[in-house]
Protein chains: 2
Amino acid sequence: MGRKAKDFDEEQILFENYLRSAGLRRTEQRDLILRTFLDVGDHITSEDLYRLVSEKDPTVGLTTVYRTLKLLTTAGLAQEVRFGDNKTYYEKLHSDEHHDHMICTSCGLVIEFYSPDIEALQDEMAASFGFEATHHSLRLWGYCAKCKGSAGKLTNAPPGAEPRVRVKSGRTVVR
Amino acid sequence: MGRKAKDFDEEQILFENYLRSAGLRRTEQRDLILRTFLDVGDHITSEDLYRLVSEKDPTVGLTTVYRTLKLLTTAGLAQEVRFGDNKTYYEKLHSDEHHDHMICTSCGLVIEFYSPDIEALQDEMAASFGFEATHHSLRLWGYCAKCKGSAGKLTNAPPGAEPRVRVKSGRTVVR
DNA sequence: TTGATTGCAAAGCATTTGCATGCTA
DNA sequence: TAGCATGCAAATGCTTTGCAATCAA
C-alpha cells in the first residue's frame, strides 16, 4: 500500500518476462509472493516473508517462498544480503540505484547509504585487475550515533566478552 | 614454514594477553590451533583447519577448532569472511593493513585488493552519519580476467538458469 | 582446589530436496 | 496432456550446546 499500481506492474512484467524466457510458469503463489515482497519496505527473510504471505493465503508453503525468492534473485528483482546474524535477507534490487549498509552491532540499526565516489573507485579497482564486476556488497559494522559512547556499547558484558554481531528483530532502516 | 619465528611470537603474545585479560586459559589445543591457523596462507574454514590440526594432533576436536576460531576473532587476530558459498572462512587480521575481495563466480578465484582511497571514503561516509565503524567488508563478484568473455562464463547452463555463486575448492588467491 | 576447557554426542537452525499431487500452458 | 510447481516431511550441512571428564592456574 502506498505504492502506485504502476510500480507493481513494472516489476510484475519483468518477472513474467523472466519466467517466460526461462521456460517457467506463472502461478498464483509466485504472484502473491512477489506482490508481498514488493510491499515490504526494507530487507526481509524468507521466514518473515512467509509469515506475511500466510496472512493473505495460508496455504502457501515456506518452501515456495524460499524458492520464489531465489527466483526473484535470478530474475534480477531481488538481492541477498547478510548482516551477520546468520540469516539471509532479501531486498528489492533497483536496476538504477544501488546502496550499501552500515550495521550497528549494538542496537541492530541498519543504515542504507550510497556513495557514487566509492562506486567509481570500485569500478576503477576492478578494471585494474581485469575483473568484470557484476555486483558487490559493502558493509560497515560499528556503533550508530545513538549507541556510540553510550552505555549500550559494552553493557554489562565482562571485559573481553564476545562482542558478537546480533541483529535485533526491531531493526530499523534509515535512508 | 617460511615464517619468521618472531612473527609467531608476536601473535602468540597478543593471544596470551587476550586470554589473560579475559580470564581465560592457555591450552595446548589453543596454541596448536593458533599456530596452524597462522601457517595458512589465506582463508580457511573451521572444518579445513580442523583437518590440518588433526595431522599434528588427532585428538583435538572439531568443536575446539570452532571455539578457538571464534576466540581468535574476538581477540582481534582473525576475521570471518563469506564468499557466497554458505561457508564461513577465517583469515588473519593484520591490525595495520586491511584488504577487500573480488570473487570470480565462474572459477572461484579470490583476489585480495586494497584501496586507501576507498577506505578513506568509507570513513568519511560513516562520519557523515555519526557512525563509528569498527570493521567492514567489501566484496565484488563477477568474472576474472580469465573467465571474462570466455566459454566458462555461461557454460552449458540453460538460458536463465540460476547463476549461483559457487566457490571452487581449488580456490587461489592473488595479492 | 576450582572453575575453565575439552571432546563427544546430541541438538539447533536455516535451507534444500524427494516425492506424490496439483496446475499452468 | 506434459511437465513444471507445490507442499509436506525428511534430509542436509554448518554450527552450537549439554555434559562428564580433564586440565591449567
Side-chain angles (χ1 to χ4, degrees), chain A residues 15-34 43-51 53-54 57-75 80-90 158 160-162 164-167 169, chain B residues 15-34 43-51 53-54 57-74 80-90 158-162 164-167 169:
Chain A
F15 191 41
E16 276 177 55
N17 288 341
Y18 167 73
L19 290 176
R20 201 175 359 260
S21 74
L24 303 176
R25 289 168 186 173
R26 184 181 174 188
T27 66
E28 269 183 37
Q29 289 92 330
R30 286 175 178 172
D31 274 3
L32 174 60
I33 293 169
L34 172 58
H43 338 279
I44 193 167
T45 62
S46 299
E47 185 84 39
D48 287 341
L49 183 58
Y50 164 67
R51 258 176 232 125
V53 168
S54 292
D57 182 348
T59 70
V60 175
L62 173 59
T63 308
T64 303
V65 175
Y66 265 96
R67 290 195 269 229
T68 305
L69 241 13
K70 282 227 174 287
L71 221 50
L72 291 176
T73 301
T74 317
E80 300 190 346
V81 220
R82 286 186 158 254
F83 297 125
D85 62 346
N86 249 42
K87 281 180 186 165
T88 303
Y89 292 82
Y90 286 85
E162 198 141 354
R164 304 276 291 289
V165 174
R166 204 169 297 282
V167 176
S169 51
Chain B
F15 191 41
E16 278 177 52
N17 287 341
Y18 167 73
L19 290 176
R20 203 177 356 262
S21 74
L24 304 175
R25 288 170 187 173
R26 185 180 173 189
T27 66
E28 269 182 38
Q29 289 91 330
R30 286 176 178 171
D31 273 3
L32 175 60
I33 292 169
L34 172 57
H43 338 279
I44 193 166
T45 61
S46 299
E47 186 83 38
D48 287 341
L49 182 58
Y50 164 68
R51 257 174 232 128
V53 168
S54 293
D57 181 349
T59 70
V60 176
L62 172 60
T63 309
T64 304
V65 175
Y66 265 98
R67 289 194 271 228
T68 304
L69 241 14
K70 283 230 172 286
L71 220 50
L72 291 176
T73 302
T74 318
E80 300 190 346
V81 222
R82 288 187 156 253
F83 297 125
D85 61 346
N86 249 41
K87 280 181 187 164
T88 303
Y89 292 82
Y90 286 86
E162 198 140 354
R164 303 275 292 289
V165 174
R166 202 168 301 280
V167 176
S169 50

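None of the values given here were measured: they were computed from a predicted structure.
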Peer 1: Would you compute the distance between atom CG of L69(B) and atom OG1 of T74(B) and round it to the nearest 0.5 angstrom?
Peer 2: 10.5 Å
Peer 1: Of L24(B) and Y50(B), whose nearest nucleotide on DNA chain C comes first from the 5' end?
Peer 2: L24(B)
Peer 1: Is any side-chain nitrogen or oxygen of T88(B) closer than 4.0 Å to OP1 or OP2 of dC14(D)?
Peer 2: no
Peer 1: Tell me what R30(B) touches on the nucleic acid: a base, only sugar-phosphate, or nothing, going by heavy atoms under 4.0 Å.
Peer 2: sugar-phosphate
Peer 1: It should be established whether Y66(A) places a side-chain nitrogen or oxygen under 4.0 Å from OP1 or OP2 of nucleotide dT16(C).
Peer 2: no
Peer 1: Would you call the rings of Y89(B) and H43(B) parallel, tilted or perpendicular, taking 30° and 60° as the class edges?
Peer 2: perpendicular
Peer 1: Considering the terminal five base pairs at each end of the helix from dT1(C)-dA25(D) to dA25(C)-dT1(D), what angle separates the two local helix axes, rounded to 10°?
Peer 2: 40°
Peer 1: Quick one: on DNA chain D, does R25(B) or E47(B) contact a more 5' nucleotide (nearest heavy atom)?
Peer 2: E47(B)
Peer 1: Mind checking if T27(A) touches a base, just sugar-phosphate, or nothing, with heavy atoms under 4.0 Å?
Peer 2: sugar-phosphate
Peer 1: Pair S54(B), Y50(B) - check side-chain contact (heavy atoms from CB on, under 4.5 Å), show working.
Peer 2: CA-CA 6 Å; S54(B) 293; Y50(B) 164 68; 3.5 Å; yes
Peer 1: Considering every strand and a 4.0 Å limit on heavy-atom distances, what is the contact class for T45(B): base, sugar-phosphate, or nothing?
Peer 2: nothing
Peer 1: For E28(A) and dG7(D), what is the distance between atoms CD and C1' respectively, to the nearest whole Å?
Peer 2: 15 Å
Peer 1: Can you tell me the distance, in whole Å, between the CG atom of D48(A) and the C1' atom of dA14(C)?
Peer 2: 13 Å
Peer 1: Applying a 4.0 Å non-hydrogen cut-off, can you work out what S46(B) is touching in the nucleic acid: base, sugar-phosphate, or nothing?
Peer 2: nothing
Peer 1: Any side-chain N or O of Q29(A) under 4.0 Å from OP1/OP2 of dG22(C)?
Peer 2: no
Peer 1: Round to a whole Å and report the spacing from CD of E80(A) to C1' of dT16(C).
Peer 2: 13 Å
Peer 1: Have a look at R67(A) and say if it touches a base, only the backbone sugar-phosphate, or nothing, with a 4.0 Å heavy-atom cut-off.
Peer 2: base
Peer 1: Are L24(B) and L71(B) close enough, and set up right, to give a side-chain contact (heavy atoms from CB on, under 4.5 Å), and what steps lead you there?
Peer 2: CA-CA 10 Å; L24(B) 304 175; L71(B) 220 50; 4.0 Å; yes
Peer 1: Rounded to whole angstroms, how far apart are CG on L71(B) and P on dA4(C)?
Peer 2: 14 Å
Peer 1: For the pair made of CG in D85(B) and C1' in dG13(D), what is the distance, rounded to whole Å?
Peer 2: 12 Å
Peer 1: Between dA14(C) atom P and Y90(A) atom OH, what is the distance in whole Å?
Peer 2: 14 Å
Peer 1: To the nearest 0.5 Å, what is the distance between CG (L72(B)) and OH (Y18(B))?
Peer 2: 9.5 Å
Peer 1: Does OP1 or OP2 of dT16(C) have a side-chain N or O of K70(A) closer than 4.0 Å?
Peer 2: yes
